[in-house]
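When reading the values below, keep in mind they use all heavy atoms of this one structure, side chains included, and skip hydrogens, waters and symmetry mates. So that the names make sense, note that chain A is the first sequence line, chain B the second, and so on, each numbered from 1.
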Number of protein chains: 2
Amino acid sequence: MTAAKHQVTRSAGRRTGGRAGIRDVAAAAGVSITTVSDALNGKGRLPDATRRHVRSVADRLGYRPSAAARTLRTGKSGLIGLTVTTYGEEPFTFTEFAYFAEMARAATSAALARGYALVILPAASQHRDFDVWSNVALDGTVVIDPSDHDPVVTELVRQGIPVVSDGRPGGSLPVTAWVDNDHEAAVTNLLDHLATAGARRIGLLTGTSTDTYTRLSTTAYLHWCERHGQDPVYEAYPAHDPCAGAVAADRLLARPDRPDAVYGLFDPNGTDLLAAARRYGLRVPDDLLVVCCSESSVYASTEPPITTLSLKPGRIGTTVIQLLIDAIEGQSGRAEAHQVMPTELIVRASSQRIGRSPRRVPSATVVAPRTPPAADQ
Amino acid sequence: MTAAKHQVTRSAGRRTGGRAGIRDVAAAAGVSITTVSDALNGKGRLPDATRRHVRSVADRLGYRPSAAARTLRTGKSGLIGLTVTTYGEEPFTFTEFAYFAEMARAATSAALARGYALVILPAASQHRDFDVWSNVALDGTVVIDPSDHDPVVTELVRQGIPVVSDGRPGGSLPVTAWVDNDHEAAVTNLLDHLATAGARRIGLLTGTSTDTYTRLSTTAYLHWCERHGQDPVYEAYPAHDPCAGAVAADRLLARPDRPDAVYGLFDPNGTDLLAAARRYGLRVPDDLLVVCCSESSVYASTEPPITTLSLKPGRIGTTVIQLLIDAIEGQSGRAEAHQVMPTELIVRASSQRIGRSPRRVPSATVVAPRTPPAADQ
DNA sequence: GTGAAAGCGCTAACAG
DNA sequence: CTGTTAGCGCTTTCAC
């Protein structure tokens with residue numbers, strides 16, 4: 001019979017290099033390849049006996065379905081791209097280390113839970129980088145801090161691949177959805193906290209780049225100052241330069257109109273400010289209140305412990321992935337979705353003039369910022 | 001003609017959803033699909049004119065070759081798995097945060113430079129996790145800190161997929177190659193440094209887990225003590241628990257045989273020790289010398305700045321990728337390769353009793369540890 | 001219930 | 001130098 005001949009041909013001719021194919025399993029189990037496919041994928045309505053038999057044979061042969069073939073056939077790879085926009089030479093920086101690490105960890109975890117894996121891809125600064133992007137079959141992509149006219153995002157969307165961004169896209173980037181913190185509310189809330197703690201002139205350590213985070217936070221600061229009749233006192237520096245932060249912190253405290261409280265937008269600003277304060281003989285929090293935006297746990301045990309604003313990157317990563325996979329699996333025609341996530345102010349000794357004690361601060365006090373819509377979980 | 005009919009059939013019947021296929025390009029350019037393939041991949045010896053023409057048509061049509069099809073056909077996906085063994089609930093922790101982040105950054109960068117992308121995959125603790133692994137076509141895999149009998153590694157090797165590990169594999173794990181630091185040399189060198197700085201009794205903050213890093217470092221410490229006639233003074237704690245480190249640091253300094261110098265194996269130990277020292281009124285470095293293994297830059301601006309041992313994760317990541325891609329592209333029959341990489345002791349104020357100054361330590365002094373073979377770059 | 005056959009989009013032999 | 005053809009290994013109608 002033709003069938004038999006076919007099987008023989010395949011078995012004899014397997015150049016698969018030792019790895020068993022679906023045909024080998026079918027032959028060994030004495031069924032057709034359709035049955036094998038159905039049995040292994042839980043499709044069709046086969047008798048349980050057949051299903052078990054096929055599975056045991058497949059196991060015995062050490063059969064692994066070919067991901068490439070499955071992808072080609074079904075059009076889904078189970079792969080999600082992850083990229084972060086950079087402002088430098090490297091294909092991607094991990095400025096805000098802890099933020100990225102935690103965001104990526106949560107995203108990876110959430111993706112895996114739904115059967116997807118993340119592929120780390122470069123921000124397409126170089127033309128060469130495009131090659132890698134089109135060499136991998138992506139079901140969707142996560143972009144962290146997309147730049148206003150990201151060519152990769154544009155291209156992906158054109159191809160009909162869903163893109164969800166961490167950080168609201170500037171310009172008219174056509175992302176499928178985005179997730180972001182309510183940066184204005186967070187900064188406003190934080191400045192109120194400092195004012196309550198007795199700050200009269202609050203300074204800001206900000207960045208020179210034009211990304212949304214920096215822009216929104218700075219604007220919120222300026223508005224707050226305006227509303228409270230305070231002259232803005234700030235220093236801006238290139239956030240990707242590790243040394244520039246220390247210099248900027250120093251400059252801020254060297255000013256004639258030296259602030260009595262400072263908020264630093266970037267992770268290392270806390271230690272930078274502490275070091276600068278020591279150089280000027282300023283005691284924290286007695287002479288200077290300090291707060292910075294950070295996900296790092298080192299600020300729990302600095303001297304003194306420093307109050308931090310957490311953007312809750314884990315929650316963001318999880319949400320981004322949920323939105324993305326929903327878009328991948330659902331009908332992609334839905335309206336543009338976005339979700340604004342709450343932040344968390346972790347109050348420690350550096351921003352409290354009263355009740356300062358040499359003991360450890362009991363445990364992180366959490367002040368929920370006044371967050372508007374927010375969402376599930 | 002058959003050809004013409006074929007083309008018409010395809011054009012009419014493209015269910016590709018708007019995306020152009022290689023046939024569309026061929027039709028539009030008036031050549032065969034082979035010519036298109038060759039023109040785009042720089043194969044064959046076509047006239048430059050044809051090549052350019054085909055390329056321009058492809059561009060105009062927005063043609064993107066299907067990665068899935070290419071992978072199926074060629075057997076190479078351009079994808080490399082990245083996984084880190086964990087000791088907890090999460091599919092992967094980023095203990096030693098900065099270490100992992102930097103290692104991954106360098107590895108990603110090195111891979112991209114050679115046209116590969118990294119896929120983040122879970123340590124296979126759960127059975128469910130196996131699914132994801134076999135759902136992605138991998139050309140090779142990087143494993144960080146492989147556990148002694150990692151089932152995923154075993155399975156991959158069985159399938160003939162190259163695996164390179166960061167950290168020498170314990171047991172008889174059959175990895176293709178590995179890269180590691182010379183931990184014994186690093187620790188020995190570091191202890192010598194402390195002794196030279198005047199330490200009489202050096203304590204160790206170590207971990208309870210049995211991974212190679214912890215084991216080798218601890219052993220080196222014990223041997224050093226033996227050689228120098230010092231009683232070992234150490235506390236071990238579960239390294240993945242963020243609070244346990246602070247407690248262990250405290251316990252170490254509370255001992256009756258309190259050490260006058262401490263080396264902490266894990267990243268947060270520096271701040272933990274500093275905090276504990278403050279609680280006991282110990283001045284660093286006057287009463288206590290402190291060193292920890294860390295990649296974090298915060299230790300440059302703590303008070304005082306802390307001497308750290310850097311494992312140079314960037315170099316390790318790069319090397320791991322080079323070895324892996326060489327194995328993927330070369331004939332895989334080569335002998336098991338391994339490479340031992342140097343570490344770097346960054347000496348700061350916390351380990352120097354003389355010359356202590358309120359100024360910043362000029363700049364990181366680098367002491368090359370006595371490293372044996374080492375290698376290229 | 002089970003099997004045969006038709007491709008997914010591409011690359012690599014091999015003809016012309 | 002260019003075109004035709006045969007699959008890569010799988011899923012999926014559609015007959016039986």
Strictly by modelled atom types, are A/Thr34 and A/Ser37 linked by a side-chain donor-acceptor pair under 3.5 Å?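 Side chains of A/Thr34 and A/Ser37: no pair found under 3.5 Å.
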Under a plain distance cut-off of 3.5 Å, with no hydrogens placed, do A/Ser77 and A/Asp139 share a side-chain donor-acceptor pair?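 Yes, A/Ser77 and A/Asp139 have a side-chain donor paired with an acceptor closer than 3.5 Å.
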Which whole-number value in Å describes the distance from [X] [atom1] to [N] [atom2]?
| X | N | atom1 | atom2 | answer |
| --- | --- | --- | --- | --- |
| B/Asn135 | D/dC10 | CG | C1' | 13 Å |
| A/Arg23 | D/dC8 | CZ | C1' | 9 Å |
| B/Leu72 | D/dG7 | CG | P | 14 Å |
| A/Arg64 | D/dG9 | CZ | P | 16 Å |
| A/Asp24 | D/dC8 | CG | C1' | 14 Å |
| A/Ile22 | C/dA4 | CD1 | P | 13 Å |

Short heteroatom pairs, N/O only, protein and nucleotides 14-16 of chain D, under 3.5 Å:
none

Nearest 0.5 Å, please: how far is [atom2] in [Y] from [atom1] in [X]?
| X | Y | atom1 | atom2 | answer |
| --- | --- | --- | --- | --- |
| B/Ile328 | B/Tyr116 | CD1 | OH | 5.0 Å |
| A/Arg52 | A/Ser56 | CZ | OG | 9.5 Å |
| B/Asn135 | A/Leu79 | CG | CG | 9.5 Å |

Closest to the [X] side chain: [options]?
| X | options | answer |
| --- | --- | --- |
| B/Ile33 | D/dG9, C/dT2, C/dT11 | C/dT11 |
| A/Tyr63 | D/dC10, D/dT11, C/dG1 | D/dC10 |
| B/Arg73 | D/dT12, C/dT11, D/dC10 | C/dT11 |
| A/Asp38 | D/dG9, D/dT12, D/dT4 | D/dT12 |

Among B/Thr176, B/Ile325, B/Val142, which one satisfies side chain to side chain contact (heavy atoms under 4.5 Å, CB included) with B/Pro162?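 Going through B/Thr176, B/Ile325, B/Val142 one by one, the side chain to side chain contact (heavy atoms under 4.5 Å, CB included) with B/Pro162 is satisfied by B/Thr176 alone.
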Would one find a side-chain N or O of [X] under 4.0 angstrom from OP1 or OP2 of [N]?
| X | N | result |
| --- | --- | --- |
| A/Thr74 | D/dT11 | no |
| A/Thr50 | C/dT2 | yes |
| A/Arg70 | D/dT11 | yes |
| A/Ser32 | C/dG3 | yes |

Is the closest side-chain heavy-atom distance between B/Leu323 and B/Gln339 below 4.5 Å? yes
Hey, are the side chains of B/Thr154 and B/His149 touching, using non-hydrogen atoms and a 4.5 Å cut-off?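 No - every pair of side-chain heavy atoms lies 4.5 Å or more apart.
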When B/Gly30 and A/Pro65 are each assigned the nearest nucleotide of DNA chain D, the 5'-most assignment goes to B/Gly30
Whether B/Glu155 and A/Arg64 form a salt bridge (side-chain N of Lys/Arg under 4.0 Å from carboxylate O of Asp/Glu) is what I want to check.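 Counted as a salt bridge, because a side-chain N and a carboxylate O are separated by less than 4.0 Å.
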Does the pair A/Glu329/A/Lys76 count as a salt bridge with the N-to-O cut at 4.0 Å?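 Not counted as a salt bridge, because no side-chain N and carboxylate O are separated by less than 4.0 Å.
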Protein N or O to nucleotides 13-16 of chain C N or O, pairs below 3.5 Å:
none

